[in-house]
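The structure under discussion appears below in the form of structure tokens.
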2 protein chains.
Amino acid sequence: MANILIIEDEASIQRMIEYDLKQLDYTVELSSDGKDGYNKAKSDHYDVILLDLMLPSMNGLDICKKLRNRDVESYIIMLTALSDEYDIIKGFEAGADDYMTKPFSPRELTARIKAGLRRTQTFKKEDKISYQGLIIKPSSYEVFKNNEKIELTLKEFELLLYLVKNRGIALSRDQLLTNLWGFSYDGDSRIVDVHIFKLREKLDKDSTWLKTVRGIGYKIVKTD
Amino acid sequence: MANILIIEDEASIQRMIEYDLKQLDYTVELSSDGKDGYNKAKSDHYDVILLDLMLPSMNGLDICKKLRNRDVESYIIMLTALSDEYDIIKGFEAGADDYMTKPFSPRELTARIKAGLRRTQTFKKEDKISYQGLIIKPSSYEVFKNNEKIELTLKEFELLLYLVKNRGIALSRDQLLTNLWGFSYDGDSRIVDVHIFKLREKLDKDSTWLKTVRGIGYKIVKTD
DNA sequence: TTGTTGTGTTAAGATTCTGTTAAGAAAAAA
DNA sequence: TTTTTTCTTAACAGAATCTTAACACAACAA
């Protein structure tokens, strides 16, 4: 689901956070030491990093700065007893996304973690994509419209998925062909129109959201 | 630089924040009313929204939820006197990115705003060009005038986009033709006039910003 | 002022683009 | 293999858009 790294030397706090997060099905890793934590973090495969400021061997601010210098984009939440305005600002200047002072509410922490994940998780692989009344399941190649299963052929499915993933963007026939049929496809680009027609027939008879962009191609409107 | 919307009904706080942010060269807009604030915010052209929770006409939590449902991706910081764990969690569940309780340190607020901008600006790349009350979205081929969608044909859209991108510069018909119709176009150059006329009809009836440069061609006046 | 040139505006005709259908080709299943 | 399903092509009609041509008016120069 999501990977979280906790760099914190107080064992009691470590355990408390770890427990809460595991309850929520996150994958949690621990580090009690600054250097060790930094080495783990720089791999950039954590979605969220909880970072204490006062640590053995390397302090939290430096860790944060160095990570940002390496383009690590994990969502970093600083956790510290330092509640001075000055310290807080230093924390943000070092590149933190959020800052919590101890003692803190565990629930608030998890709420802040979730908020951070919401922001970073754009490239998270979805198992289910919702759009209007539709549910698309890429792994099983199924589509439901108002909870009723709709049978689509493979090309129809791929086309729908691609359009929904790129909702709000007008996609040219050529773009669709190279992305869905492969760059070497050299047939008639109007094959796209035929599939669009089929999709509309099955899912959007009135073209309320699967729109034609005349002269360009097609797009799915962003919901409001 | 960055656009910030403040939805807050306490004038004193409004002014304080506004002052600080303007010092930092941010573009600031204010709203003291829930519905009004919501209407402004849903245009999604603010990078950060500071949102009070207790507001006239529509409460902050609902505003936040509705904005997220509309895919508004602004970085939302809730500002409120409610410091209860329960309220904070409600705030995050509604889709907030951050939550500050009053009274707060102005410096901390700006630090948090900067942190939010750092994040949104790296990820957000939905292209959008604003001019006067217009919003032009090249990726979806859409144009909005005061948040109302205006239907343009492809040529009209391309012409508008080109003019706006080159605002302040008088463009000859030949320039427009070679750039928008292609260098091999050999029709009547007055085709441009017809499209300009259509654009004015739809967007600028009084020619307040889409000007004729007699003997040359057309230009859009520069306002910033 | 008058003539000349350039632009605004309109409408009709030409052209391009898309929706739709059906039939043959290709691929998958039986 | 045969049967079934899916994909692709081709064609046509209708719609949307673009272009031309014409006229009236405005701006400018002499």
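Only this structure's heavy atoms are used, side chains among them; waters, hydrogens and symmetry mates stay out. Per chain, numbering begins at 1; letters A, B, ... match sequence-line order. Remember, it's a predicted structure, so these values are computed and weren't measured experimentally.
Side-chain proximity of A:Thr212 to C:dT18, C:dT5, C:dT21: nearest is C:dT18. Here D:dT8 is the nucleotide among D:dT8, C:dG19, D:dT6 with the atom lying nearest to any side-chain atom of A:Val194. The listed nucleotides are D:dA16, D:dT19, C:dG8; the one nearest the side chain of B:His195 is D:dT19. Listed nucleotides: C:dG6, D:dC18, C:dG8. Nearest to the side chain of B:Asp193: C:dG8. When each of C:dG6, C:dT10, D:dA16 is scored by its nearest atom to the side-chain atoms of B:Arg214, the top-ranked nucleotide is C:dG6.
When the side-chain nitrogen and oxygen atoms of B:Arg200 are compared with OP1 and OP2 of C:dG8, one or more of them lie within a distance under 4.0 Å. Between C:dC17 and A:Tyr218, no contact under 4.0 Å exists linking OP1 or OP2 to a side-chain N or O. Between B:Trp181 and D:dT19, a side-chain N or O to OP1/OP2 separation shorter than 4.0 Å is present. Under 4.0 angstrom from either OP1 or OP2 of C:dT7 there lies at least one side-chain N or O belonging to B:Arg173.
Atom P of nucleotide D:dT17 and atom CD of B:Glu201 are separated by 14 Å, given to the nearest angstrom. Across the protein-nucleic acid pair, A:Leu180 atom CG and D:dC7 atom C1' stand 14 Å apart, rounded to whole Å. For B:Lys198 and C:dA11, the NZ to P distance is 11 Å, given to the nearest whole Å. At whole-Å resolution of the value, CD1 in A:Ile216 and C1' in D:dC18 are 15 Å apart. Atom C1' of nucleotide C:dG8 and atom CG of B:Asp204 are separated by 14 Å, given to the nearest angstrom. Separating the CG atom of A:Asp188 from the C1' atom of C:dA22 is a distance of 16 Å, rounded to the nearest angstrom. One can place CZ of A:Phe157 at 18 Å from C1' of D:dC7, the figure rounded to the nearest angstrom. Counting to the nearest Å, the P atom of D:dT19 and the CZ atom of B:Phe197 are 17 Å from each other.
A:Tyr46 and A:Glu29 form a side-chain donor-acceptor contact under 3.5 Å, judged by distance and modelled atom types alone.
Aromatic ring orientation, B:Trp209 versus B:Tyr131: perpendicular (interplanar angle above 60°, classes split at 30° and 60°).
A donor-acceptor pair under 3.5 Å is absent between the side-chain atoms of B:Lys35 and the main chain of B:Ser57, judged by distance alone. For the pair A:Asp188 (side chain) and A:Arg190 (backbone), a donor-acceptor distance under 3.5 Å is present.
Both the sub-6.0 Å distance and the 45° axial angle are not jointly satisfied by A:Lys219 relative to the ring of B:Tyr141.
At a threshold of 4.0 angstrom between heavy atoms, the contacts of B:Val192 with the nucleic acid are absent. Counting non-hydrogen atoms under 4.0 angstrom, B:Arg190 reaches a base of the nucleic acid. Within the nucleic acid shown, B:Tyr185 comes within 4.0 Å of sugar-phosphate atoms alone, with no base atom in reach, counting heavy atoms only. If you check every strand for non-hydrogen atoms under 4.0 Å, A:Ile196 touches nothing.
Put simply, the side chain of A:Tyr75 does not reach to within 4.5 Å of the side chain of A:Leu117, judged on heavy atoms.
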